[in-house]
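Notes for the one structure printed next.
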Amino acid sequence: MTTLAESPPVGDLRYSEVEEDLRAAVRALLDRRAGWQDVLARTETAEPVDRALWRTLAAELGCAALPVAEELGGAGASWREAAVVAEELGRAVAPVPFLGCSVATALLLAVGERDLLAGLAGGDRIVALAVPAASAPGEPLVPLAVDADRISGDVPGVLDAAAADVLLVPAGGALYALDVTDPGVRVTPAVSLDMTRPIADVTLDAATGRRLATGAVVADAVAAAQRIGAVLLAAEQLGVARRCLDEAVAYLRDRHQFGRPLGSFQALKHRAADLAVLITQACAVARYAADCAATGASDLPVAAALAQAHLSPTALRAAQECLQLHGGIGFTWEYVVHLFLKRATSQAIVLGTADRHRAALGELLGVPGPEETS
Amino acid sequence: MTTLAESPPVGDLRYSEVEEDLRAAVRALLDRRAGWQDVLARTETAEPVDRALWRTLAAELGCAALPVAEELGGAGASWREAAVVAEELGRAVAPVPFLGCSVATALLLAVGERDLLAGLAGGDRIVALAVPAASAPGEPLVPLAVDADRISGDVPGVLDAAAADVLLVPAGGALYALDVTDPGVRVTPAVSLDMTRPIADVTLDAATGRRLATGAVVADAVAAAQRIGAVLLAAEQLGVARRCLDEAVAYLRDRHQFGRPLGSFQALKHRAADLAVLITQACAVARYAADCAATGASDLPVAAALAQAHLSPTALRAAQECLQLHGGIGFTWEYVVHLFLKRATSQAIVLGTADRHRAALGELLGVPGPEETS
Amino acid sequence: MTAVSSGPEQAAAGPGGSEVLDRVREFLVGHPTAGADRLAFLRARFDAGLARVDLPPGQGGLGADRDLQAVVEDELRAVGAPEHRPSDNPIGHGMAGPTLRAFGTDEQCRRWLRPLWTGEEAWCQLFSEPGAGSDLAGLATRAVREGDEWVVHGRKVWTSLADRARWALLVARTDPSVPKHRGLTYFVCDMHAAGVEVRPLRQITGETEFNEVVLDGVRIPDTDRVGEVGQGWAVAQGTLMNERVSYTSGTAPRHSGGIGALLAAWHDHPERRTAGLHDRVLSLWVQAEAARLTTARWEQELARGRPGPEGSAIKLEHARLNQEISQVELEVLGDAGLRYPDYSERAPEPVPWTEAAPGWRYLRSRANSIEGGTSEILRTVVGERVLGLPPEPRIDKDVPFSELPR
Amino acid sequence: MTAVSSGPEQAAAGPGGSEVLDRVREFLVGHPTAGADRLAFLRARFDAGLARVDLPPGQGGLGADRDLQAVVEDELRAVGAPEHRPSDNPIGHGMAGPTLRAFGTDEQCRRWLRPLWTGEEAWCQLFSEPGAGSDLAGLATRAVREGDEWVVHGRKVWTSLADRARWALLVARTDPSVPKHRGLTYFVCDMHAAGVEVRPLRQITGETEFNEVVLDGVRIPDTDRVGEVGQGWAVAQGTLMNERVSYTSGTAPRHSGGIGALLAAWHDHPERRTAGLHDRVLSLWVQAEAARLTTARWEQELARGRPGPEGSAIKLEHARLNQEISQVELEVLGDAGLRYPDYSERAPEPVPWTEAAPGWRYLRSRANSIEGGTSEILRTVVGERVLGLPPEPRIDKDVPFSELPR
């Protein structure tokens, strides 16, 4: 037991008034501009990402760069507030590049790149980190060839790349910024299981990169940025899970079978209750991770892995139960539920599946596996 | 996929008429001689194992040596029939050394030892394999010192050793038979979580062994005997699971709360139904293992590991649900449920926990782990 | 002791094995397989009682032991006879056939069973409605008698194969003034009749596998009623029981179905392996193998004429496992698990399960616990019919349908 | 933004932090801790309003903000004041105190609250009966009025601490002619009164932790009734709500409780490690840490005076986790997991959870989902009170208790 670290302090896990105000503002905007019918309809258009909505979120509400200092064009808040925004975006499965841009923000902050940050903050430029979306923090990077700052190779399944203006590419031990208009850059949107969060394949053929950083700092900064992504993703998953529970509860109250509201049937009621219990826990976990990110706590790696290990199955179960509790109508295209099922499914894979985060926790906490000595 | 073996044939998974007759005879005897109140009362006596009942089972019903040929004093049947007996013994949590003696029988059959088999078959001599009860088939044996066929060392937690007359001890690459009256043998009964299946610690101090076999065959024979034990244990677990479901259903039908029988509450009904579904699966799994054991099928290692991987959690869940569905009365000493909870708990550990059997399946089926190549 | 046999308790009154074999050989003399027209051959086979030997004469059988069907199949296969493909008409074989045999008149059996068996006429079912899913008896589609006909108005959903079915099993309300279970009547509805409109409904897979069927003044002759007026609930229960325990076609080999696809993904993606995922894959293997053996055992019991309670259990586990296995497969695939073949709206192509894309299997499997009786309804069936637990107090059983809150 | 504070919305009307500190220092001047008699000191502390500062004056408090209790505790600890040990009287603190404060008369509060808080008088509860567990309102213990007294006959079970309690919270039926929820009355029962018999009941651990209490003509003065005659159900609901959300004592450190014991077993038994068990241990760590953070968050909300729905959720998860963790611990232990310390019948010694034997923890944890409200009842509470789902149709609410089937 001596290998286990001391108990880290637990910060404030509640929502502050400022955070609740921010939530209300974001929700009001999304209610107006991203109702689920809008979101569903957009998935079959040529522009699955809603850039106009993103610009409004960034410019009017300052959501694109909450943790960026005001002198760098940001809102001077922290990742806690960003997590509240992520909850609301999850709740609406809003088709905006918040997650990818937040990872990029964290990375640019880490390497001290100011120009791109300013563009990001205003919502004018979408920046994405060119790694496969399923990579967990710290996983080996896709090897790319670099020749005099010209980069070649394939990066499949990149988050928020389809709408990106700039790609951040770790290659050859350095970090580069690549403009997607460069003739050596090809971004091919993939048909994504989660239609509201399309991934895209990036092919680089001697693309011109602007070098932002070099050396061991790059791999660490990429992992740290992915960790911030994991924290925000957990908040987004919390939003999805809550919305699924709300939808299920509304249906169970409303729908009658056998002369009674469905929700009066004990088995269904208990399943909804189990979900509510799980989500109560998930809220505390997600808030802890957001607070660790905001304060730069040394427990952040644990908190981020914990958040993903807990929230991925929670959101997925909430979405799956939501569909099942709806019965036949839950399986139809012209209904709200599948948007959340698909989002929760992609969330469970993006930035590493729960089992990978549990394995990471084993290492961080010193809980050795079968082959290791303690 | 080419590493996965061809699909093995599936034998008869039903109960034959002969098997059903045998079941009826055993159940009738146990109803008379091993009601749960008798079993509970015996656990607080000096003789927790019911030798008289065991003698009756052996001598009158031939249950002690079903797969042993008639010319060796057995019943000339197979492990299929032995599995049916195990189901009934599990159903009654009967305090008889059937499991330990069956493992010993399998081992004696494997090494061709006739004298001990005859004593076993008649129920006169109880023989136990001196390995820790929790060892899975093929796990490394406890190292013992051997000097000119005199054996020294400790073997903790041996199944059915407290009542044994003879111990089979694998030591120094050989298999020995040790008489418990030998001055070098000390058998100390342990307070066991499962009071109806006491384990005992064996301490050997230059105990005199009679050598039954030598060489690589010993380790293989011990593993094969443990595998037979795993198959019979699965049948016993099936009996425990079914009894737990029966007890729970009877209580749910009988007990009223809120002016209705408990079983009319949908959440409880569905949990009982889930258990019934699980037990339906468990029956097919246990029967498959018994048939593979009876026919010496090449799939037996898979079938035995499958049976333990499936039946351990099934019996445990059945017992835990049975207690919970009973509420407060299920937690009292003077009631039937805890006997099954404790048995199902020890069953989940004896002959290897489910996770060990899943790991064994991974090797047998060629499903490589993280570090291995396929 | 370990060979599968029908046992002495099943000494059938009908013809034995050698007699059945004689009939097949006799039949083949009159109907050589070389150059045979498939449909003509199948019709003649039905008439000869070789469609399913355990059924009575006149319904495609000989009144023989069920096991002896294997004799027929082996012999016909050996000579390369035209194939019978029951999977082309699943609702016909799984639901319409048993229902007609149990509740239909002789005339109805004569008219429908043969083209059903040969596959000439496909069937669908018109049971569920937007307001009546699990609570089937709450359905609102009305059938009003006019002389020798019934005039039907209503809307049915969750209907597969409606676009290519010739006939439909239909339950409609013929008397709203009595409690809901008592006012239903069962019909066969001609899908080519005036007033039948089939509208594709799009599902979460993007496909239009199921349909909405609008019945707008459809006229059904009273001779196409199945069972008595007001007995529709009992007939429908028979149909649904058959749906839930519908015939399977032999024990699948180990590693067939979803678990095989999962193991293939596991082998193909060593970079995605973790200890936790390894244990989960093995745990699913254990559950899949248990499900396979359960089906095998159930078929063996069926062959002995003693089906156990496994039917509902098999359906429940099948749904749960399909869903879990396909989910874990996406997790094993990682980046590939984030992709989908095609969401554009279209009628589905029938593809074997393991040849479909992983994402499609994942989404499609969500319906497994809803279609053909939700898992919730099946758990109640197991709890009440298998375990004998008491029903819930009902507030909708003795009230006239027209007075129920809906 | 991340510091825990009570926030501006909680500006208390009572004394502030510095005033409270002044009171403590003032009190200590009059009651030096050196050589103090523990009981005398605690009584004086109660009278000074320093027992729980958020309670009203006269009930051990000052009407101050709840957070300020920490000021008192810190100061008293610093000077080595005699310890208050609420865990010696859990039902007193968790249930009797809140119930008396909410429903008792001033006289009752004066009489009982101080010795309750000092630990001089322990409390137990007499609610459950052999025929009334989850359905508490179905209890049959009768209380019949005779002049200024009530005469009580009945049998109560699942009673902990009955052997050392001075007082008991009792619910009894005072009118069987009205529907069951309306005929109950709430009393405080003197456990030393004639006719009270405490019989130890043995549990699956071998111990006699709970008791059966037989009430045979016990006379209770009407002045010991809590709430109006016939209002017993409402008072009992208040008590149970307090049981389910009873006060915790600060966020436990990471790895305390069962999960710490499991990790210790994991470290001590490298030979028992498998990949599957490793993932399961880590999965339980995730759940245990989630439960710990949930409790922390709930306490933060409580401090702000806005308790969320976490109370029932915490109890449900606590039971489930205790059970799963202790089970996996036995599996990790292997041979040692097959052993048990002692099954002989005896009263239990209070031992910290992690210092008890693993087998005992495993068995004892099975009661966690039954005691203090079964997990089934709690799920219904969450479903109806937190999620607002409709109740089941009830058949026992409007019928006189005397006519109910039992």
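All values derive from a computational prediction rather than experimental measurement. Chain letters run A, B, ... following the sequence lines, proteins first, then strands; residues in each count from 1.
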Exercise. Report, as yes or no, whether the 6.0 Å neighbourhood of atom CZ on R253(B) holds more than 12 heavy atoms from other residues, nucleotides or ligands.
Key: yes

All heavy atoms of A190(B) vs all of R339(D), minimum pair found to be CB-NH1, 3.6 Å

Under 3.5 Å, is there a donor-acceptor pair linking the side chains of S369(D) and Q324(B)?
yes

If one checks every heavy atom of K180(D) against chain B at 4.5 Å, the contacting part turns out to be side chain

When the 4.5 angstrom heavy-atom criterion is applied to R255(B) and chain D, the contacting part is side chain

When every non-hydrogen atom of G334(D) is compared with those of A134(B), the smallest separation belongs to C-CB, 4.0 Å

| field | R317(B) bridged to E324(D) by N-O distance under 4.0 Å | value | no

Check: Below 4.5 Å, heavy atoms only, C-beta onward: do L193(B) and L363(D) meet side chain to side chain?
Finding: yes

When the 4.5 angstrom heavy-atom criterion is applied to L316(B) and chain D, the contacting part is side chain

Flag side-chain contact, heavy atom, 4.5 Å: V332(D) against T353(B): no

Chain D shares the most heavy-atom pairs under 4.5 Å, among G352(B), G259(B), A348(B), with G259(B)

When the 4.5 angstrom heavy-atom criterion is applied to A275(D) and chain B, the contacting part is neither

- prompt: Is there a side-chain contact between L338(D) and V350(B) (heavy atoms, below 4.5 Å)?
  reply: yes

One should read off an interatomic distance between D335(D) CG and I199(B) CD1, to the nearest 0.5 angstrom, of 6.5 Å

Just wondering, do L330(D) and T345(B) contact through their side chains at under 4.5 Å, heavy atoms? yes

Separation between CZ (F265(B)) and OG1 (T380(D)), nearest 0.5 Å, reads 8.5 Å

Answer key: most heavy-atom pairs under 4.5 Å with chain D among G157(B), G328(B), G330(B), P198(B) is G328(B)

| request: Please check if the side chain of D135(D) supplies one atom and the backbone of Q257(B) the other of a donor-acceptor pair under 3.5 Å. | output: no

For residues 135-144 of chain B, which side-chain N or O atoms pair as donor and acceptor with protein atoms under 3.5 Å away, sequence neighbours left out?
unit_1	atom_1	unit_2	atom_2	d
S135(B)	OG	P132(B)	O	3.2
E139(B)	OE2	A136(B)	N	3.3
E139(B)	OE2	R356(B)	NE	2.7

Whatever's closer than 4.5 Å to a heavy atom in chain D on A359(B) counts as neither

Query raised in the report: How about Q320(B) and Q323(D): do any of their side-chain heavy atoms sit closer than 4.5 Å?
Result: no

Chain B shares the most heavy-atom pairs under 4.5 Å, among W360(D), Y340(D), W158(D), with Y340(D)

Applying a strict 4.5 Å limit to non-hydrogen atoms, the region of D254(B) in contact with chain D is neither

More than 12 heavy atoms of other groups within 6.0 Å of R186(B) CZ | no

From CA spacing to verdict: side chain to side chain contact (heavy atoms under 4.5 Å, CB included), I370(D), L323(B):
CA-CA 10 Å; I370(D) 300 170; L323(B) 193 153; 3.8 Å; yes

Distance col, row R394(D):CZ vs F258(B):CZ, nearest 0.5 angstrom, shows 5.5 Å

Acceptor/donor pairs from residues 333-340 of chain B side chains to any protein atom, 3.5 angstrom cut, sequence neighbours excluded:
unit_1	atom_1	unit_2	atom_2	d
Y335(B)	OH	H326(B)	NE2	3.4
H338(B)	ND1	K342(B)	NZ	2.9
H338(B)	NE2	W333(B)	O	2.7

Practice problem: State, with a plain yes or no, whether a side-chain heavy atom of E44(B) is found less than 4.5 Å away from one of Y343(D). | Solution: no

Do the non-hydrogen side-chain atoms of R260(B) and I395(D) ever get within less than 4.5 Å of each other?
yes

- Query: Is atom CD of E271(D) surrounded by more than 12 heavy atoms (other residues, nucleotides or ligands) closer than 6.0 Å?
  - Reply: yes

Residue from G359(D), G337(D), S134(D), G276(D) scoring the most non-hydrogen pairs under 4.5 Å with chain B is S134(D)

- prompt: Can you find a heavy atom in the side chain of I204(D) that is under 4.5 Å from one in the side chain of L341(B)?
  reply: yes

- Chi angles and distances behind the salt bridge (charged side-chain N to carboxylate O under 4.0 Å, His left out) call for D355(B), R272(D): CA-CA 10 Å; D355(B) 59 285; R272(D) 298 283 307 163; over 6 Å; no

